[in-house]
Amino acid sequence: MHGRIQRDPQQPATGATTVFPHFRITTAALIAVMWACAANGQEASVVNDVVPNADAGAPLGQLIDPMPEILQRLPDAGDEYRVDPDSENRLIPVKQSWDQPVEVESCTNGLQTKRWHLPRVAVPKFQRPRWMSREHWQWSCNPAYAGLCSCDGAGQPLWVETDLLVGWLSGYNTPAMVTTSPAGTPGNVAGVLGQPTTSVIYGDELLGDRARLGARLRIGKWFDPEQIVGAQFDIFGLGDDSSGRTIVGDDSAILARPFFNTNPLVNGEDSQILQLPGLASGQIVADTSGSLLSIAPSMRYNLHCCEMSSQQFGRRFELLAGFRYLRLNDRLELRESLTAQGGGLVTPGTQFDLRDTFETTNNFYGSQLGLICTFQRHRWLLQSTSSLMLGYLDREATIDGETQVTVPGSPTSTRPGALLAQTTNMGQYDSGAAVIWPEFANNIYYQWNDHLWLTVGHTYFFMPQVWRSGAIIDRRVDGTLVSASPNPTATTPTFTPQGSPAWLHGLSIGATWRY
């Protein structure tokens, strides 16, 4: 007698999906079932045991024989299947819970129908190519797609990220430092600011605002399988923005260095002649440099995580807390060289070499507290970080200068001070302040394979009250200090610290390895 399928009246009907390989029920198995039904009129109980080495393509009779053993040896794990009502010799997958088991009518003794309870059946899956799988197009918490947004601990706990940075650091304002005038301009007004014939060729502009290259390294690890508590170490820096400019005029050009002369006899705009036909010839070299370094060890704590369905984004929110060290440095140096040609009180051929140096360093030590928001859709992931840095800013400034004079036939003499760096303002200065700095970072990740992510990002942070080298220059100079015999009673220039804001925009491109 052939068996047929009857659903329990309380069990809702379910639709069939993909048809799997056929399983034959052998005649010997059916005879054994009929004999078992005739031998007892009681319903058999089912014990679910795993079928070792079950083959999805094997006939049912090879897996189980007779029918009671079939029902006892079918596994209660994996995908769910049932006997196809249109073809009793094959199983089809179902999408239902078998709390109400399907009953298989296997035989009858004329008075009572005997039924066997068919439990859940596990048959080895057909191994489809990855691009055919649903997991390839729908995100879930599994090792392949949950690396950065795991909710159940299935993601990779260790990550290493490397990025190439291109950063733009805000520049600093400087006073006018080199001027020129047309040929024939009288020496007493040559290069003097405020004169209609004077134009600025260096200074009175932003310096240090060029794009510069840098790099970032970030290493992190989750300490628990659920990825609740983790730690990361982040270090990035922008390279030294060194640039130089040499200013040399032709034989007829007039070059000068302007300043405000505080000597009571002048008390107004004045200039130091660098090149004037018949009086002196020379050149000036201006060098600027700057660098940025940040080190941040921190902890991460998962506040909320939600897996993504086919209609919604996966999301994850984390608390970021740790220590932050940041160093911002810049330097401005002017090197002037001129030779006297006569026409004055200086011996012709006398060589003057002057150097003015202004350097600032800002060291921040403090805590960092932020929020990391992660959103994932398929292979794409957006991670946004907003944080505040609260701590102590240590500001340092160094002003130095010297003048070397070489008279023909005499040894070189050296004295402290040049033009804008004089004995009245030379030295090292230090100041501290409590500050709060905000930082924002956005990164887009694309999962290339199970372990490699490609990333592009943008970083911005704002730094108020920092010292920059251009802001510590005082162009008020007692004119008597410019001579070969400094005036010990002079009081200008002075060091007047001025904090100014600075910001950084950075673009990054790199890769993340997760394991």
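Computed from a prediction, not measured in an experiment: that's the story for all the values here.
- Residues Thr185 and Ser181 come closest through the heavy atom pair OG1-CB, 3.6 Å.
- Checking Ser281 against Gln275 by side-chain atom types alone, no donor-acceptor pair falls below 3.5 Å.
- Note that CD1 of Ile372 is 4.5 Å distant from CG of Leu320, once rounded to the nearest 0.5 Å.
- Between the CD atom of Glu359 and the CD atom of Glu333 there is a distance of 9.5 Å, given to the nearest 0.5 Å.
- Classified by interplanar angle (parallel below 30°, tilted 30° to 60°, perpendicular above 60°), the ring pair Phe495/Tyr429 is parallel.
- Remark: Asp163 CG to Asn443 CG distance equals 7.0 Å, nearest 0.5 Å.
- In the model, Arg415 has no side-chain atom that pairs as donor or acceptor with a side-chain atom of Ser413 under 3.5 Å.
- Nearest heavy-atom pair across Val407 and Thr350 is CG2-CG2, 4.1 Å.
- For Ile295, the CD1 atom sits in a packed shell: over 12 heavy atoms of surrounding residues, nucleotides or ligands are nearer than 6.0 Å.
- When the side chain to side chain donor-acceptor pair (under 3.5 Å) test is applied to Glu396, no partner is found at least two apart in sequence or on another chain.
- Side-chain contact between Ile247 and Thr180 is absent, with no heavy-atom pair separated by less than 4.5 Å.
- Rounded to the nearest 0.5 Å, atoms CG (Leu420) and CG (Leu334) are 7.0 Å apart.
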Gln283 vs Ser337, side-chain hydrogen bond (donor to acceptor under 3.5 Å, both in side chains): CA-CA, chis, key distance, verdict: CA-CA 6 Å; Gln283 67 177 19; Ser337 178; 5.8 Å; no
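- Using a distance-only test at 3.5 Å, with no hydrogens or angles considered, no donor-acceptor pair links the side chain of Gln195 to the main chain of Gly191.
- Atom-to-atom distance recorded for Leu452:CG and Arg514:CZ is 11.5 Å, nearest 0.5 angstrom.
- Surrounding CG of Leu217 are more than 12 heavy atoms belonging to other residues, nucleotides or ligands, all under 6.0 Å away.
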Residues Thr374, Gln383; criterion side-chain hydrogen bond (donor to acceptor under 3.5 Å, both in side chains); working and verdict: CA-CA 4 Å; Thr374 305; Gln383 190 170 83; 3.3 Å; yes
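- Scanning both residues, Leu193 and Pro258, for their nearest heavy atoms gives CG-CB, 3.9 Å.
- Side-chain contact between Leu169 and Leu328 is present, with heavy atoms from C-beta onward closer than 4.5 Å.
- You'll find the side chain of Tyr460 stays beyond 4.5 Å of the side chain of Leu504, heavy atoms only.
- Judged purely by distance below 3.5 Å, without hydrogens or angles, the side chains of Glu402 and Thr414 never pair a donor atom with an acceptor atom.
- Few gaps surround CH2 on Trp503; more than 12 heavy atoms of other groups in view lie less than 6.0 Å from it.
- Proximity of Arg476 to Thr494: side-chain heavy atoms (C-beta onward) are separated by under 4.5 Å at one or more points.
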What pairs of donor and acceptor atoms, side-chain ones from residues 461-469 against any protein atom, are under 3.5 angstrom apart with sequence neighbours left out?
residue : atom : partner : partner atom : Å
Arg468  : NE   : Asp330  : OD2          : 2.6
Arg468  : NH1  : Ser170  : O            : 3.1
Arg468  : NH2  : Ser170  : O            : 3.2
Arg468  : NH2  : Asp330  : OD2          : 3.4
Ser469  : OG   : Tyr172  : OH           : 3.4
Ser469  : OG   : Asp330  : OD1          : 2.9

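- Within the model, atoms OG1 of Thr385 and CG of Asp234 stand 9.5 Å from one another, a figure rounded to the nearest 0.5 Å.
- A cation-pi contact, defined as under 6.0 Å to the ring centre and within 45° of the axis, is absent between Arg218 and Trp453.
- For an aromatic pair to be called close, the ring centres must be under 6.0 Å apart, and His451 with Trp513 satisfies this.
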Evaluation steps, side chain to side chain contact (heavy atoms under 4.5 Å, CB included), between Leu279 and Gln341: CA-CA 5 Å; Leu279 182 63; Gln341 295 179 344; 5.8 Å; no
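- Counting non-hydrogen atoms of other residues, nucleotides and ligands closer than 6.0 Å to OH of Tyr515 gives a total of 12 or fewer.
- Between Phe364 and the options Phe323, Trp437, Tyr325, a ring pair (Phe, Tyr, Trp, His ring centres under 6.0 Å) holds for only Trp437.
- Considering every non-hydrogen atom in both Glu318 and Trp222, the closest pair reads OE1-CH2, 3.3 Å.
- In this structure, Arg395 does not pair ionically with Asp430, as no charged nitrogen and carboxylate oxygen lie closer than 4.0 Å.
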Donor-acceptor contacts, no H, no angles, side chain residues 202-214, under 3.5 Å, sequence neighbours left out:
residue : atom : partner : partner atom : Å
Glu205  : OE2  : Gly203  : N            : 3.2
Arg210  : NE   : Asp241  : OD1          : 3.2
Arg210  : NH2  : Asp241  : OD1          : 2.9
Arg210  : NH2  : Ser242  : O            : 3.4
Arg212  : NH1  : Gly290  : O            : 3.3
Arg212  : NH2  : Gly208  : O            : 3.1
Arg212  : NH2  : Asp241  : OD2          : 3.2

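- A 4.5 Å side-chain heavy-atom check between Trp380 and Ile444 finds at least one atom pair inside the cut-off.
- Nearest approach of Gln368 to Ser387, heavy atoms of both residues: OE1-OG, 3.9 Å.
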Ignoring hydrogens and angles, write down the donor-acceptor pairs under 3.5 Å from the side chains of residues 261-269, residues two or more places apart or on other chains.
residue : atom : partner : partner atom : Å
Asn261  : OD1  : Asn263  : N            : 2.9
Asn261  : OD1  : Gly479  : N            : 2.9
Asn261  : ND2  : Asp270  : OD2          : 3.0
Thr262  : OG1  : Asp478  : N            : 3.4
Thr262  : OG1  : Thr492  : OG1          : 2.6
Asn263  : OD1  : Leu265  : N            : 2.9
Glu269  : OE1  : Arg475  : NH2          : 2.9
Glu269  : OE2  : Arg475  : NH1          : 3.1

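- Residue pairs meeting the side-chain hydrogen bond (donor to acceptor under 3.5 Å, both in side chains) criterion with at least one partner in residues 287-296, sequence neighbours excluded, are Ser243-Thr288, Asp287-Arg335, Ser294-Arg324.
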Leu292 and Leu326: CA distance, side-chain angles, deciding distance, side chain to side chain contact (heavy atoms under 4.5 Å, CB included) verdict: CA-CA 7 Å; Leu292 178 71; Leu326 189 142; 3.7 Å; yes
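- Remark: Thr455 pairs with no residue by the side chain to side chain donor-acceptor pair (under 3.5 Å) rule, at least two apart or across chains.
- A donor atom on one side chain and an acceptor atom on the other are found under 3.5 Å apart for Asn442 and Ser384.
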Leu388/Leu369 under side chain to side chain contact (heavy atoms under 4.5 Å, CB included): CA gap, chis, key distance, verdict: CA-CA 6 Å; Leu388 285 177; Leu369 182 65; 5.6 Å; no
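- Looking only at side-chain heavy atoms (C-beta outward), Asn302 and Arg316 come within less than 4.5 Å of each other.
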Stepwise side-chain hydrogen bond (donor to acceptor under 3.5 Å, both in side chains) test for Tyr445 and Glu161: CA-CA 11 Å; Tyr445 296 83; Glu161 180 175 346; 3.2 Å; yes
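- Summarising the geometry of Leu354 relative to Leu419, their closest heavy-atom pair is CD2-N, 4.4 Å, with the distance given to 0.1 Å.
- A side-chain N or O of Asn329 and one of Thr361 form a donor-acceptor pair less than 3.5 Å apart.
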